[in-house]
Chemist: 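Sharing a structure here in structure tokens format.
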Amino acid sequence: MLINSVKIGDRLEICSINKTENDKKYKSQVEDIIDKDKLLIHMPISYGQIIKLQEGTAYSVLVFTGAGIVTFDTKVMEHKVEDGFNLSVLMLTSSGERVQRREFFRFVCLIPTKFSVQEKNDSVDNKVRTFEGIIKDIGGGGLKFVSNEPLAENDKIKVAIILNTEVIIADGKILQKQFFPKSNYKFQYRVEFIGIQKTEQDVIVQYIFEQQRKILQKTKI
């Protein structure tokens, strides 16, 4: 089981396995590893309130380990208080699955968004030019987008990436430019993120994982 990758202190995120658009996600942390199939975690806190997950209910858990992101299916077994901390015992009901991250996996999508690029000129103040485009695929290490804005390879841009309720403002560099004169969007660009934070990569990977899971659930119906 991939529980061997999990360490005390690892961050995790919990959501219902039977997920709907309105279901909430809760952040927590591993307090202890009880057995090969049990984790002791801190009860999630939302807006200052302790969230007591329903006992016997199935949840999906993403664990952000030092070796990458791992997902498990779990059930809440019990709640307890130790040394003043509110804790929950999770039983792992699956052996675990690694979630691919960074540039090694791209998710095909259509996400309208806004970009900006700094124009270089002879004056002291450089102008910032903003434009719109559509993200066609995205991964933790970069993205591909289309737009009618003429840019050049190696141009530096900023992009606002809206993933559900999360907004990431990322710096990027144009690696490749393609021209499609007969298309609604004349230019397609491949972008590499520059200096992206690990937490921002985790948000992107988590979004990709959730979208994949929704697609798989639909194909099983």
Side-chain angles (χ1 to χ4, degrees), residues 1-102 105 107 109 138 140 161-168 197-221:
M1 292 181 67
L2 291 178
I3 192 172
N4 294 330
S5 301
V6 180
K7 306 297 181 186
I8 294 172
D10 282 347
R11 295 182 301 109
L12 54 85
E13 191 162 282
I14 308 162
C15 64
S16 171
I17 285 181
N18 300 315
K19 188 173 168 54
T20 67
E21 291 294 331
N22 294 323
D23 280 335
K24 293 182 178 180
K25 296 173 289 186
Y26 298 108
K27 299 183 187 299
S28 183
Q29 190 174 25
V30 177
E31 170 66 15
D32 198 5
I33 301 163
I34 302 174
D35 203 346
K36 63 181 181 180
D37 61 352
K38 290 188 182 70
L39 295 177
L40 184 66
I41 70 165
H42 289 268
M43 285 188 191
I45 297 176
S46 180
Y47 297 102
Q49 299 293 319
I50 294 174
I51 306 299
K52 193 172 185 179
L53 302 173
Q54 295 182 0
E55 292 187 31
T57 299
Y59 290 92
S60 178
V61 173
L62 284 175
V63 186
F64 299 90
T65 77
I69 303 174
V70 182
T71 179
F72 298 97
D73 293 339
T74 69
K75 280 190 177 180
V76 179
M77 302 303 297
E78 62 174 313
H79 303 293
K80 58 174 68 177
V81 178
E82 291 184 358
D83 298 325
F85 293 106
N86 294 283
L87 307 169
S88 300
V89 177
L90 299 183
M91 174 176 282
L92 307 184
T93 57
S94 72
S95 59
E97 180 181 350
R98 292 194 183 278
V99 179
Q100 290 179 300
R101 58 180 306 166
R102 296 187 174 92
F105 186 84
F107 176 70
C109 57
I138 188 169
I161 307 169
I162 303 173
L163 306 175
N164 295 329
T165 59
E166 301 277 359
V167 179
I168 296 172
Q197 299 295 314
K198 181 177 180 297
T199 53
E200 294 173 330
Q201 282 185 321
D202 288 344
V203 170
I204 294 172
V205 171
Q206 175 194 324
Y207 171 81
I208 292 171
F209 174 77
E210 289 177 355
Q211 298 306 309
Q212 283 185 306
R213 182 170 56 191
K214 289 177 183 178
I215 292 170
L216 289 173
Q217 286 176 343
K218 289 179 180 179
T219 59
K220 292 178 181 179
I221 296 175

Chemist: Measuring from L87:CG to I41:CD1, what's the distance to the nearest 0.5 Å?
Modeler: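 Reported value, rounded in 0.5 Å steps: 8.5 Å.
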
Chemist: Which is it for V61 and T71 under the side-chain contact (heavy atoms from CB on, under 4.5 Å) test, yes or no, and what are the steps along the way?
Modeler: CA-CA 6 Å; V61 173; T71 179; over 6 Å; no

Chemist: At their closest point, which heavy atom of I3 faces which heavy atom of D37, and how far apart are they?
Modeler: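 Result for this residue pair: CD1-N, 4.2 Å.
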
Chemist: Restricting to non-hydrogen atoms, name the atom on G140 and the atom on Q201 that form the minimum distance, rounded to 0.1 Å.
Modeler: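 That closest heavy-atom pairing would be O-NE2, 3.1 Å.
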
Chemist: Applying salt bridge (Lys or Arg N to Asp or Glu O under 4.0 Å), can you list everything that pairs with K7, at least two apart in sequence or on another chain?
Modeler: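 Salt bridge (Lys or Arg N to Asp or Glu O under 4.0 Å) list for K7, sorted by chain: empty.
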
Chemist: Can you tell me how far the CG atom of N164 sits from the CD atom of Q211, to the nearest 0.5 Å?
Modeler: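 Atom-to-atom, N164:CG and Q211:CD are 6.0 Å apart.
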
Chemist: What's the spacing between I14 CD1 and K27 NZ if we round to 0.5 Å?
Modeler: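 Reported value, rounded in 0.5 Å steps: 10.5 Å.
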
Chemist: Which residues pass the side-chain hydrogen bond (donor to acceptor under 3.5 Å, both in side chains) test with Q49, not counting sequence neighbours?
Modeler: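 With sequence neighbours excluded, Q49 shows a side-chain hydrogen bond (donor to acceptor under 3.5 Å, both in side chains) to no residue whatsoever.
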
Chemist: Please name all residues satisfying ring pair (Phe, Tyr, Trp, His ring centres under 6.0 Å) with H79, sequence neighbours left out, ordered by chain then number.
Modeler: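 With neighbours one apart ignored, the set is empty.
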
Chemist: Could you pull out the closest heavy-atom pair between T74 and T93, with the gap in Å?
Modeler: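 Smallest interatomic distance, heavy atoms only, reads N-OG1, 3.6 Å.
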
Chemist: Mind checking salt bridge (Lys or Arg N to Asp or Glu O under 4.0 Å) for E31 and listing every partner two or more places apart, or none if nothing turns up?
Modeler: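 None.
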
Chemist: Can you tell me how far CD of E166 sits from CG of D202, rounded to the nearest 0.5 angstrom?
Modeler: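 Reported to 0.5 Å precision, the distance equals 11.0 Å.
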
Chemist: For K52, check salt bridge (Lys or Arg N to Asp or Glu O under 4.0 Å) against everything at least two apart and list the hits.
Modeler: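 Result, salt bridge (Lys or Arg N to Asp or Glu O under 4.0 Å) vs K52: none returned.
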
Chemist: Is there a side-chain contact (heavy atoms from CB on, under 4.5 Å) between I33 and L40 once you walk through the steps?
Modeler: CA-CA 6 Å; I33 301 163; L40 184 66; over 6 Å; no

Chemist: Got a second to check how far H42's NE2 is from L12's CG, nearest 0.5 Å?
Modeler: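 Separation between the atoms: 9.5 Å.
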
Chemist: Within this structure, what is the CG-CG distance for the pair D73 and L92, rounded to the nearest 0.5 Å?
Modeler: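 That separation rounds to 9.5 Å.
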
Chemist: Check step by step if side-chain contact (heavy atoms from CB on, under 4.5 Å) holds for V6 and F72.
Modeler: CA-CA 11 Å; V6 180; F72 298 97; 4.0 Å; yes

Chemist: Would you please name every residue forming a side-chain contact (heavy atoms from CB on, under 4.5 Å) with I51, sequence neighbours left out?
Modeler: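 Y26, P44, S46, L53.
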
Chemist: Going by the rule side-chain contact (heavy atoms from CB on, under 4.5 Å), which residues pair with I45 if we only count those two or more places apart in sequence or in a different chain?
Modeler: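 Listed in chain order: I50.
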
Chemist: Specify the closest pair of heavy atoms between D10 and V63, including all atoms of both residues, with the distance to one decimal.
Modeler: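 Heavy atoms only, the tightest pair is CB-CG1, 3.9 Å.
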
Chemist: Please list all pairs meeting salt bridge (charged side-chain N to carboxylate O under 4.0 Å, His left out) that have one or both residues in residues 82-95, counting only residues at least two apart or in different chains.
Modeler: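 Qualifying pairs, neighbours excluded: K80-E82.
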
Chemist: For the residue pair V89 and K38, what are the closest heavy atoms and their distance?
Modeler: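 Here V89 and K38 meet closest at CG1-CD, 4.2 Å.
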
Chemist: Indicate yes or no: at least one non-hydrogen side-chain atom of V76 is less than 4.5 angstrom from one of T57.
Modeler: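 Contact flag for V76/T57 side chains = no.
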
